[in-house]
Student: 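Questions regarding the structure given below will be posed in turn.
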Amino acid sequence: MRRLDEWRVTDTGTSQEDILANGNRMLMGNGYLGYRGTTEEADGGDMSATIVSGLYDRYGELWREPVNVPNALSVRLFTLGGEALTLGSRFLLSHEQGLDFRYGIVSRVTSWKVEGVTVTVRSERFASMASVHSMLLRYAVETDGPLTLVLERGIDCAVRDLNGPHLGAFTHSGTASAPLAEARTLELGIPVRVSSAAAADFPDPADTIRTSRRGGAFFGGEYVLQCRKGVPRILTVHAQVSAGSDPDAGSFVPAADPFGGASGEYHFREELSRHKAAWDAIWADGDVVVEGDDDARRALRYSLYQLQIIAPRHGGSLSIPARGLSGQTYKGAVFWDTEMFMAPYFLATDPAVARSFVGYRVRTLEGARRKAAEYGLRGAFYAWESQETGDDACSDFNVTDVFTGRPQRTYFRDKQLHISADVVYGIREYLSMTGDWSILADGAFEVIVECARFYLSCVWYSPVRERYEILDVIGPDEYHERVNNNAFTNRMALLVFRTLRECEAELARQGSTLAPEVYAATGFDSELPLLADVESRLYVPAPGPDGVIEQFDGYFRLEDASVEEVKSRLLDPKEYWGGGNGVASNTRVIKQADVVVLLNLFPRDYDDRVKRANLDFYERRTEHGSSLSACMYSLLACEVGDPQWAYPFFRKTAEIDLTGESKQFAGLVYIGGTHPAANGGAWLSAVRGFCGLSVSDGEISLSPRLPESWTKVSFTLRLRGRRHSITVTKDGYTLC
Ligand code: IFM
């Protein structure tokens with residue numbers, strides 16, 4: 001049973017499905033690392049995982065993916081006869097676990113009945129926001145009668161990977177109560193260090209500690225606990241994780257005794273209060289308070305929590321993968337999700353994080369250049385699935401066919417041309433919100449130039465129609481592959497050209513010589529005449545007489561079957577709907593918002609009639625098979641003044657990681673995990689949608705259209721170095 005209280009979500013489920021869902025739901029993290037919400041006794045089978053931001057590896061010919069580093073918070077509790085007390089144990093009495101999403105504290109109470117004695121474990125843990133290499137755990141075992149138990153704890157190196165293993169050359173040192181495991185990634189030999197120091201604050205003289213019998217893949221100690229009624233055994237663990245990919249890799253060495261002589265209890269309290277202070281500072285700007293609707297307030301705050309625990313604040317020009325730090329799904333890759341769905345929240349509340357996203361694209365520009373060259377194109381074609389170098393991790397066979405078990409050819413990598421424009425959109429928004437033009441000299445201008453050059457090399461001139469077109473692409477709706485003139489893609493390419501012009505003009509106004517320098521250095525000067533021509537004659541599909549914009553050439557000729565009808569044609573529930581043979585491919589049913597994204601990004605280009613017509617037309621034809629979809633419909637519905645229509649879409653996007661109701665498979669490929677884009681979409685729906693916040697030329701405007709149950713929304717906005725507090729009610733707003 002799941003419950004959502006103020007700042008807390010709890011769950012009592014113990015099935016394998018619940019364990020998997022709680023792994024995501026109760027994820028903890030600090031931007032540097034993410035630790036799944038499994039119990040301390042869980043093992044690889046429960047998909048426990050510790051994922052470090054920016055650390056990837058490839059095993060053999062399998063997909064490159066994030067490395068699941070050894071589990072430094074592993075605790076195993078056994079009966080004297082050697083039976084493990086887990087959630088699957090025949091001795092289990094009850095279990096409740098919870099996440100305090102104000103402070104990122106995962107706690108639980110679990111009881112088992114062994115030989116007539118009730119054993120209860122209470123644990124509490126957090127990934128420190130104050131010291132990103134650290135995770136702390138307080139683990140207490142209590143019985144209501146005499147019982148001998150064996151408690152094993154330390155570093156479990158037998159972690160499970162989707163496409164692993166990823167680590168080798170293991171060594172261990174330290175002691176049974178403070179082990180240190182070191183290893184190297186297989187592909188690049190990147191060092192990984194994990195330590196796990198423990199303090200048992202109430203040692204019973206009869207308790208003993210010895211080196212774990214598990215040996216090999218487990219480094220740590222084993223306590224024999226002679227439990228007595230009412231005498232809890234409390235263990236405090238301070239784990240430290242560092243990987244060679246860290247910006248501070250050279251300098252960070254796990255402390256041998258992080259307790260510094262203090263008792264475990266004292267140390268835990270001290271670390272917890274530093275951690276809470278860091279969270280208080282985050283919420284001071286990052287919170288959004290909805291009044292009048294408790295469920296909405298809680299779900300929105302939970303979504304913001306999910307974003308905050310994966311925000312790369314520790315430096316190093318990093319971005320956020322599509323499944324955050326919740327596991328190895330989607331290869332731990334960065335998609336357009338960051339720029340379009342997550343960045344707006346950080347731009348409004350913590351622009352330094354948004355700067356890191358831009359820095360990441362600057363850092364991976366070479367990879368984008370390599371990809372463009374690979375396709376015989378010029379400039380920068382950003383990776384559809386980007387890892388640490390910017391080379392594309394997306395496979396040519398990204399889906400496994402359910403019927404044959406064979407890899408299915410997909411064209412996400414080759415044809416989602418809009419990705420480079422999404423990167424430019426992210427830079428443009430950064431400039432607009434921060435006014436920080438210095439980012440252009442830090443590489444962002446070169447990114448814009450190379451993206452413009454990329455689109456110049458993609459367009460085709462039609463002498464018959466006397467216009468430039470963009471052919472053979474995939475738009476946001478991934479079910480329709482290799483289409484011509486996707487309205488979103490073409491409009492975004494135009495945005496790239498315009499952004500380049502505007503930046504060039506602004507730099508000149510500031511007396512900067514950056515633009516001519518970059519043009520000369522990259523040889524772009526010679527392409528300026530072509531740029532002018534393409535910019536003026538690039539085709540962007542316009543609304544038809546009924547106001548509807550055709551998603552791509554020929555879309556209106558496809559079968560107009562309903563979503564339900566198309567779904568009923570599936571022969572297997574996990575079957576992929578798109579691609580060559582998908583049930584949706586030759587119909588008008590789309591996976592996710594496409595034209596609707598276009599209307600949200602360019603609201604001034606289209607009037608209300610057009611927005612309404614497209615909302616009505618496309619929503620009925622959208623499967624919402626992507627977690628990126630609901631928020632876009634919610635936003636557009638607000639834009640046309642229909643917040644009640646928008647509201648269920650807001651709830652869907654804000655609750656996605658609470659309910660766990662989302663697609664878990666694309667074909668046979670597991671795609672579960674958390675959904676940061678939807679979490680960002682919850683902020684977009686609430687603040688841009690219901691509050692009607694928009695910013696243009698440094699000016700804030702608000703047009704409240706709150707849903708019926710909402711009475712007030714308060715949030716912070718950082719704009720061009722100033723902090724504004726905004727309160728929106730049904731009849732107006734205050735801004736200071
Ligand atoms: O970026 C998205 C894409 O739009 C739909 N498929 C999943 C990707 C990652 O979230």
Side-chain angles (χ1 to χ4, degrees), residues 24 63 65-66 303 306-307 310 319-344 357 361 382-387 392-395 397-400 408 410-423 425-426 473-481 483 486 488-489 492 551 574 576-579 582 584-585 589-598 600-601 618 622-633 652-653 656-657 662-667 669-682 684:
N24 298 317
W63 286 346
E65 64 181 11
S303 299
Q306 285 286 357
L307 287 170
I310 52 176
S319 190
I320 299 182
R323 291 288 180 265
L325 300 174
S326 66
Q328 295 166 313
T329 307
Y330 275 142
K331 311 174 187 95
V334 175
F335 291 64
W336 70 317
D337 304 32
T338 312
E339 280 81 5
M340 313 303 277
F341 297 82
M342 302 176 219
F357 301 155
R361 295 301 191 179
Y382 274 90
W384 180 241
E385 299 187 1
S386 186
Q387 299 176 333
D392 208 326
C394 187
S395 138
F397 300 87
N398 229 26
V399 167
T400 306
Q408 211 171 312
T410 48
Y411 291 89
F412 309 128
R413 182 190 198 274
D414 325 57
K415 302 296 176 190
Q416 290 218 38
L417 262 53
H418 65 84
I419 180 65
S420 292
D422 306 331
V423 168
Y425 175 82
V473 305
I474 302 181
D477 158 34
E478 294 178 327
Y479 287 164
H480 295 92
E481 299 192 344
V483 300
N486 168 250
F488 173 82
T489 305
M492 289 296 281
Q551 188 175 293
K574 286 186 186 159
Y576 183 58
W577 290 40
S585 306
V589 168
I590 62 174
K591 179 180 180 184
Q592 64 200 89
D594 190 310
V595 169
V596 166
V597 184
L598 167 76
N600 281 320
L601 295 189
Y618 283 108
T622 306
E623 186 229 347
H624 300 292
S626 163
S627 59
L628 276 51
S629 196
C631 65
M632 285 293 141
Y633 281 93
K652 187 171 175 186
T653 194
I656 187 165
D657 291 326
S662 61
K663 257 199 188 168
Q664 301 292 306
F665 286 89
V669 177
Y670 177 64
I671 55 168
T674 57
H675 298 81
N679 304 147
L684 281 169

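Just so you know, ligand 1 is whichever comes first in the structure, and atom 1 is the first atom listed for that ligand. Excluded from the calculations below are hydrogen atoms, water molecules and symmetry mates; all remaining heavy atoms, backbone and side chain alike, are included. Not measured: the values here are computed from a predicted model. For reference, positions follow the sequence shown, starting with 1.
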Student: For the atom pair OH (Tyr633) and CG (Asn600), what is the distance rounded to the nearest 0.5 Å?
Tutor: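 Rounded to the nearest 0.5 Å, the OH-CG separation comes out at 10.0 Å.
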Student: Compute the centroid of each ring, for His418 and then for Trp384, and state whether the two points are separated by less than 6.0 Å.
Tutor: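 Yes, ring centres under 6.0 Å apart.
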Student: Tell me which protein heavy atom sits closest to atom 7 (C) of ligand 1, plus the residue, atom name and distance to 0.1 Å.
Tutor: Tyr330 OH, 3.3 Å
Student: Trp336 heavy atoms, cut-off 4.0 Å: which ligand 1 atoms fall inside?
Tutor: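 Result: 1 (O), 2 (C), 3 (C), 4 (O).
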Student: Can you check whether Leu307 reaches Phe341 side chain to side chain, under 4.5 Å on heavy atoms?
Tutor: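 No - every pair of side-chain heavy atoms lies 4.5 Å or more apart.
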Student: Starting from atom 10 (O) of ligand 1, which protein heavy atom do you reach first, and at what distance in Å?
Tutor: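 For atom 10 (O) of ligand 1, the nearest protein heavy atom is Asp337 OD2, 2.6 Å.
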Student: If you round to the nearest 0.5 Å, how far is OH of Tyr576 from CG of Asn398?
Tutor: 9.0 Å
Student: Any side-chain heavy-atom pair from Asp594 and Tyr618 closer than 4.5 angstrom?
Tutor: no
Student: Which ligand 1 atoms, with their elements, are less than 4.0 angstrom from a heavy-atom of Glu478?
Tutor: 3 (C), 5 (C), 6 (N)
Student: Can you name the atoms of ligand 1, numbered from 1 with element, that are less than 4.0 Å from a heavy atom of Leu628?
Tutor: 1 (O), 2 (C), 4 (O), 10 (O)
Student: With heavy-atom distances below 4.0 Å as the criterion, list the atoms of ligand 1 near Ala322.
Tutor: 9 (C), 10 (O)
Student: For ligand 1, which atoms have a heavy atom of Lys591 less than 4.0 angstrom away?
Tutor: 5 (C), 6 (N)
Student: Determine the sole option in Pro476, Ser626, Ser629 for which the side chain to side chain contact (heavy atoms under 4.5 Å, CB included) test with Lys591 is passed.
Tutor: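 The option that passes is Ser626.
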Student: Please test Gln592 against His624 for side-chain contact (heavy atoms from CB on, under 4.5 Å), starting from the C-alpha separation and ending with a verdict.
Tutor: CA-CA 5 Å; Gln592 64 200 89; His624 300 292; over 6 Å; no
Student: Would you say Gln592 touches ligand 1, if touching means a heavy atom closer than 4.0 Å?
Tutor: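 Yes.
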Student: Please identify which atoms of ligand 1 are closer than 4.0 Å to at least one heavy atom of Phe335.
Tutor: 1 (O), 8 (C), 9 (C)
